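Down below is the structure, laid out as structure tokens.
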Amino acid sequence: MILSLISQKGGVGKSTIARLLGVEMARAGWRVLIADLDANQGTVTQWKIARDREALDPDLDVIKYRSVERALKDAGRYDLTILDGPAHAERGGLTMARASSLVILPSGYSLDDLHPQAAVAGELERAGTPPVRIRVALGRVKGSETERRDVRDYLRRAGLEVFDAELREMPTIRQAHMAGRAASETTHQSINQEAAALAAEIAAALTASAEVA
Ligand SMILES: Nc1ncnc2c1ncn2[C@@H]1O[C@H](COP(=O)(O)OP(=O)(O)O)[C@@H](O)[C@H]1O
Ligand SMILES: [Mg+2]
């Protein structure tokens, strides 16, 4: 199975969800590859070095690629390949989406994040990606309950599906990342549970979508 994380903007939480889902699926026994397509940043590649240094389980593969095509060539060797896209995934984004059972568009509560992601969803749909294969994940969330409702209203009006679980913006998640851990492996049990809930929802959507395809 192949899953893509796509955005126009950087810093919306793509690599965070890649690490979270990768770790949780590996824990469930899947052979997982995270394809780090952000060759300039190499966020997940750096993270994997820290994870190996600490010899953390479960293990998963992280490989840096300069093109989506190259990543797709390796995908056959894994149960799940997570394409962790760069910012400005214009053309590459279409190739990523076409190969994927599920496309995730991460966002925070801010319209500055949401609006570009709604535009990306529109582009992908016009290029032939079925809307049911596109989901927003609120992955770097900070704000009030009112904001939360407004955001979900906005997404509903935009016709975009969104996962119920959200990941709050928390220092402990940043610290976990620096230590080679995922958002479900922090020192805060409640955060780990929220993160694992999001991963479980994504996994369910992925398997449902792959069965239809
Ligand atoms: N829920 C969160 N809580 C705290 N920090 C987060 C959270 N999500 C992302 N970050 C941090 O924000 C930065 C950008 O996130 P990242 O997932 O790398 O975004 P992208 O891959 O879209 O550029 C990283 O430093 C990451 O550790
Ligand atoms: Mg990234």
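Model, not experiment: these values are computed from the prediction. Both ligands and their constituent atoms are indexed starting at 1 by order of listing. Worth knowing before you read on, the calculation uses all heavy atoms, side chains too, and leaves out hydrogens, waters and symmetry mates.
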Legend entry - Minimal non-hydrogen separation, L5 against P106, with atom names: CD2-CG, 4.0 Å
Inset, instruction - For G92 and V68, work out which heavy atoms get closest and say how close. - result: O-CG2, 3.9 Å
Legend entry - Any pair counted as salt bridge (charged side-chain N to carboxylate O under 4.0 Å, His left out), so long as it reaches residues 11-33, sequence neighbours left out: E24-R27, R27-E185, R31-D79
Legend entry - Heavy atom of protein inside 4.0 Å of atom 25 (O) of ligand 1, strictly below: no
Inset, instruction - Please work out whether any backbone atom (N, CA, C, O) or any side-chain heavy atom from C-beta onward of R168 is under 4.0 Å from ligand 1, and answer side chain, backbone, both or neither. - result: backbone
Inset, instruction - Identify, by atom number and element, the atoms of ligand 1 in contact range of V12, meaning under 4.0 Å from any of its heavy atoms. - result: 19 (O), 20 (P), 22 (O)
Inset, instruction - Begin from the C-alpha positions of E123 and Q8 and carry the test side chain to side chain contact (heavy atoms under 4.5 Å, CB included) through to its verdict. - result: CA-CA 11 Å; E123 273 170 43; Q8 272 174 12; 3.7 Å; yes
Inset, instruction - Tell me which protein heavy atom sits closest to atom 7 (C) of ligand 1, plus the residue, atom name and distance to 0.1 Å. - result: R140 CG, 3.6 Å
Inset, instruction - For atom 4 (C) of ligand 1, grab the closest protein heavy atom and report residue, atom and distance to one decimal in Å. - result: M170 O, 3.0 Å
Inset, instruction - Below 4.0 angstrom from a heavy atom of R19, which ligand 1 atoms are there? Numbered from 1 as shown, please. - result: 17 (O), 18 (O)
Inset, instruction - Scan for salt bridge (charged side-chain N to carboxylate O under 4.0 Å, His left out) pairs involving residues 39-48, sequence neighbours excluded, and state none if there are none. - result: K48-D52, K48-D59
Legend entry - Contacting atoms of ligand 1, where contact means under 4.0 angstrom from a heavy atom of I173: 1 (N), 2 (C), 3 (N), 4 (C)
Legend entry - Side-chain (S4) to main-chain (I6) donor-acceptor, under 3.5 angstrom: no
Legend entry - Which segment of T16 sits under 4.0 Å of ligand 1 when only heavy atoms are counted: both
Legend entry - Flag side-chain contact, heavy atom, 4.5 Å: H177 against T43: no
Inset, instruction - May I ask you to check if ligand 1 and G13 share an N or O to N or O distance below 3.5 Å? - result: yes
Inset, instruction - Within a distance under 4.0 Å of any heavy atom of K14, pick out the atoms of ligand 1 and give their elements. - result: 17 (O), 19 (O), 20 (P), 21 (O), 22 (O), 23 (O)
Inset, instruction - Could you tell me the residue and atom name of the protein heavy atom closest to atom 23 (O) of ligand 1, and the distance to it rounded to 0.1 Å? - result: G11 N, 2.7 Å
Legend entry - Closest non-hydrogen atom pair, R168 against I173: O-CD1, 3.6 Å
Inset, instruction - Start with the C-alpha distance between E169 and R174, add both sets of side-chain angles, then the distance that settles side chain to side chain contact (heavy atoms under 4.5 Å, CB included), and finish with yes or no. - result: CA-CA 9 Å; E169 164 106 39; R174 270 194 301 280; 2.7 Å; yes
Inset, instruction - For atom 5 (N) of ligand 1, grab the closest protein heavy atom and report residue, atom and distance to one decimal in Å. - result: R174 CG, 3.3 Å
Inset, instruction - Just jot down the ligand 1 atoms closer than 4.0 angstrom to any heavy atom of H177, in number order. - result: 26 (C), 27 (O)
Inset, instruction - Under 2.8 Å from the Mg ion (ligand 2), which protein N, O or S atoms are there? Could you list them by chain and number? - result: S15 OG
Legend entry - Non-hydrogen atom of G139 closer than 4.0 Å to ligand 1: yes
Inset, instruction - Return the set of residues passing side-chain hydrogen bond (donor to acceptor under 3.5 Å, both in side chains) with T45 (not counting sequence neighbours), or none when no residue passes. - result: D36
Legend entry - Test item: Y65 and L83 side chains (from C-beta on) under 4.5 Å apart, heavy atoms: no
Inset, instruction - Would you please test T81 and D74 for side chain to side chain contact (heavy atoms under 4.5 Å, CB included) and show each step? - result: CA-CA 9 Å; T81 296; D74 286 349; over 6 Å; no
Inset, instruction - Record the part of E169 in heavy-atom contact with ligand 1 below 4.0 Å; permitted values are side chain, backbone, both and neither. - result: both
Legend entry - Approximate separation, where rounding is to 0.5 Å, of L124 CG and R98 CZ: 9.5 Å
